Amino acid sequence: MIKRKKEQKAQSFLQGAAVLGASMVIVKIMGMIYKILLSNMYGGVGTGLFNSAYALYNPLFALSTAGFPIAISRMVSESVTKKRFRDVKQIHRLSVPIFVVCGCICFLAMVLGSFIYIKIINADNAIFAILCLSPTIFFGCLMSIYRGYFEGMRNMVPTAISEIIEAACKLFLGFTASFITMQLCLNSYENSGYVLGVKCSSITEAESVAIPIAVGAAITGISLGSFFGFLFLFIRYKRGGDGITKEDLRNSPPPRKNSAIIRTMVRTAIPIGLGSIVMSLADMIDSTLVQVRINNIMETNPQALLNVYGSLIPDEIYYANETHTYLYGCYGISLTLMMLVTAVTQVFGTTALPSVTAAWTSGNKAQLKKSMETVMRVTVLVTIPSGIGMSVLAEPLLSLIYNGSSVANEVEIGSKVLAVMGISVIFIATSTPLCSMLQAVGRMDIPLKLFTIGMIIKIVVNYILVGIPEINIQGANVGSIVCFGFVTIMAMFFLCRETKVIPNFMSIFVKPLMASIMCGVAAYFSEILFDVFFRQRIATILAVITAIVVYIIFLFVFKAFKREDILQMPKGNKILKILEKRKLIR
């Protein structure tokens with residue numbers, strides 16, 4: 001019998017990051033378009049309802065997966081390194097019932113818990129968005145069966161394609177359903193004066209009744225996307241296989257007992273899962289506190305908050321007692337850009353785990369040091385300039401992507417939030433790959449402890465600062481800076497201690513920081529210059545391009561790249577030859 005060839009070759013860190021990174025760019029662009037369209041249509045209140053649904057969804061999804069995708073990825077990577085291919089197959093078989101059961105339980109918990117949650121945040125009209133999002137938990141769990149498995153095999157392509165499918169369904173199906181729902185509601189008002197059985201005296205009142213339903217219809221696209229993403233992964237696994245040949249299985253030692261594999265899986269997953277749950281719960285508490293504390297201000301001292309925002313809070317929002325939801329929506333508008341950066345570095349964390357695990361398992365300290373430094377360097381090369389750029393160009397960037405008079409007030413409020421949020425994104429986005437590497441070297445407990453302490457700090461800081469009218473939603477940004485600054489610094493300390501590896505801090509952190517400062521300076525002054533000659537949108541785009549070019553130039557001036565980084569890129573040899581020829585790399 002002719003033996004079947006392996007389907008794919010294990011990808012390096014940067015190759016895997018390039019695959020997931022490219023897909024993430026596509027996914028995030030689609031996601032930004034989706035959120036921009038919804039925000040332009042439904043304003044701060046609609047955005048607040050959307051984000052409220054996710055605030056409940058995130059901790060339940062973290063609970064339903066409970067660290068198992070990362071545990072599976074780590075165990076599969078370790079088994080492949082040791083050529084225990086029968087263990088790899090067994091890990092996959094045992095993971096299926098775990099995810100199915102967890103997905104069903106947490107789906108029901110979200111449906112039932114939604115009726116309690118909306119009372120806590122004083123937003124009954126968020127129920128439609130939450131219920132429409134709840135199926136995503138179940139299908140997300142089913143996708144996790146295959147994503148963790150393929151990632152452990154260092155094949156990021158199936159994960160990347162499934163994410164694009166999810167995003168495409170969210171954008172096209174979700175927005176279409178939302179648009180049609182909104183039009184039907186407004187047509188009903190024009191024809192009868194009623195919207196969904198509610199008598200409306202004005203178009204503004206009709207829109208306020210229709211918006212919660214339309215947002216729920218938009219979120220239905222997310223649930224459909226998770227279903228089709230799972231369907232793709234299921235078919236891909238059944239028809240395409242995983243690259244393990246019959247010869248691999250014949251030469252593999254007998255698989256460990258099911259009980260031993262499950263013990264290892266649970267022992268690995270619990271601390272990782274608890275860390276994710278702690279973060280998600282803290283985010284939900286954080287989101288709830290922000291709205292509750294702003295609502296408290298509106299009940300006790302509304303004039304103090306109005307003195308801060310003046311006419312930026314519309315009268316209809318104020319008199320409808322939706323100011324807390326509106327301001328939370330403005331905060332959510334600025335989150336769109338922040339989540340783009342954190343999603344990219346999450347890719348680095350995902351691709352770093354099997355790479356660092358393989359180096360740690362084989363005991364190759366030189367390879368471990370090289371892998372760690374590459375992950376850190378690539379992460380910082382993205383996070384620092386992105387954070388500085390957001391802070392410097394906060395208002396122009398938000399005006400660029402949310403181009404509509406209907407959300408002009410939300411953009412003005414959100415730009416002040418983004419100016420501070422840009423600093424927090426540096427620490428938030430950097431902490432994820434660092435904690436992934438701690439998990440890769442077997443210290444799953446450390447990220448859990450760090451995030452627990454950090455989130456307690458964040459909740460306390462937020463509770464105090466958000467309750468001060470002059471600070472209000474900016475308090476959430478300060479809490480994030482303190483929390484994730486602590487996590488980032490301590491994660492770096494423990495990673496160095498556990499691995500006995502001291503990275504080159506000058507190359508990894510100082511040089512990118514210097515180049516990023518030059519990038520920020522270029523962005524600030526070029527925006528002012530271009531604004532004299534061009535319309536604001538064109539000026540902003542030119543300023544961003546100028547800042548990127550200046551940043552890349554100074555990266556080479558400061559010699560922030562290393563040969564190893566270039567070689568791990570797709571077509572790395574060709575790129576390296578070109579750079580060496582021009583003496584741009586050492």
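Each residue takes its place number in the sequence, starting with 1. Predicted, not measured: the structure shown is a model, and the values here were computed from it.
- Taking CD of E163 as the reference point, atom CD1 of I165 lies at 10.5 Å (rounded to 0.5 Å).
- With 3.5 Å as the limit, one finds no donor-acceptor pair spanning the side chains of T488 and S431.
- Rounded to the nearest 0.5 angstrom, I384 CD1 and T379 OG1 are separated by 10.5 Å.
- Annotation: side chain of V487 is not in contact with side chain of L434 (no heavy-atom distance under 4.5 Å).
- Within a 6.0 Å radius of CZ in F494, other residues, nucleotides and ligands contribute more than 12 heavy atoms.
- The pair K170-E166 does not count as a salt bridge, with every side-chain nitrogen at least 4.0 angstrom from each carboxylate oxygen.
- Rounded to the nearest 0.5 angstrom, F230 CZ and Y146 OH are separated by 5.5 Å.
- In this structure, E498 contributes its side chain and L438 its backbone to no donor-acceptor pair below 3.5 Å.
- The minimum heavy-atom distance between T540 and E527, with the atom names listed, is CA-OE1, 3.3 Å.
- In this structure, the side chain of N477 engages the main chain of V417 through a donor-acceptor pair within 3.5 Å.
- Taking the six-membered ring where tryptophan is involved, the planes of F484 and F451 are perpendicular, since the angle between them exceeds 60° and thus also 30°.
- Residues P503 and M372 form no side-chain contact, since every pair of their non-hydrogen atoms from C-beta on lies 4.5 Å or further apart.
- For Y524, the OH atom is loosely surrounded, since the number of other residues' heavy atoms within 6.0 Å does not exceed 12.
- In this pair, F509 and F505 present their aromatic rings parallel. The plane angle is below 30°, not in the 30 to 60° band.
- Here the shortest heavy-atom pairing between E470 and V308 reads CA-CG2, 4.0 Å.
- The closest donor-acceptor contact from the side chain of Y551 to the backbone of L381 lies under 3.5 Å.
- Remark: side-chain polar atoms of S424 are paired, donor with acceptor, to backbone N or O of M421 under 3.5 angstrom.
- Between I388 and C519, every side-chain heavy-atom pair lies at or beyond the 4.5 Å cut-off.
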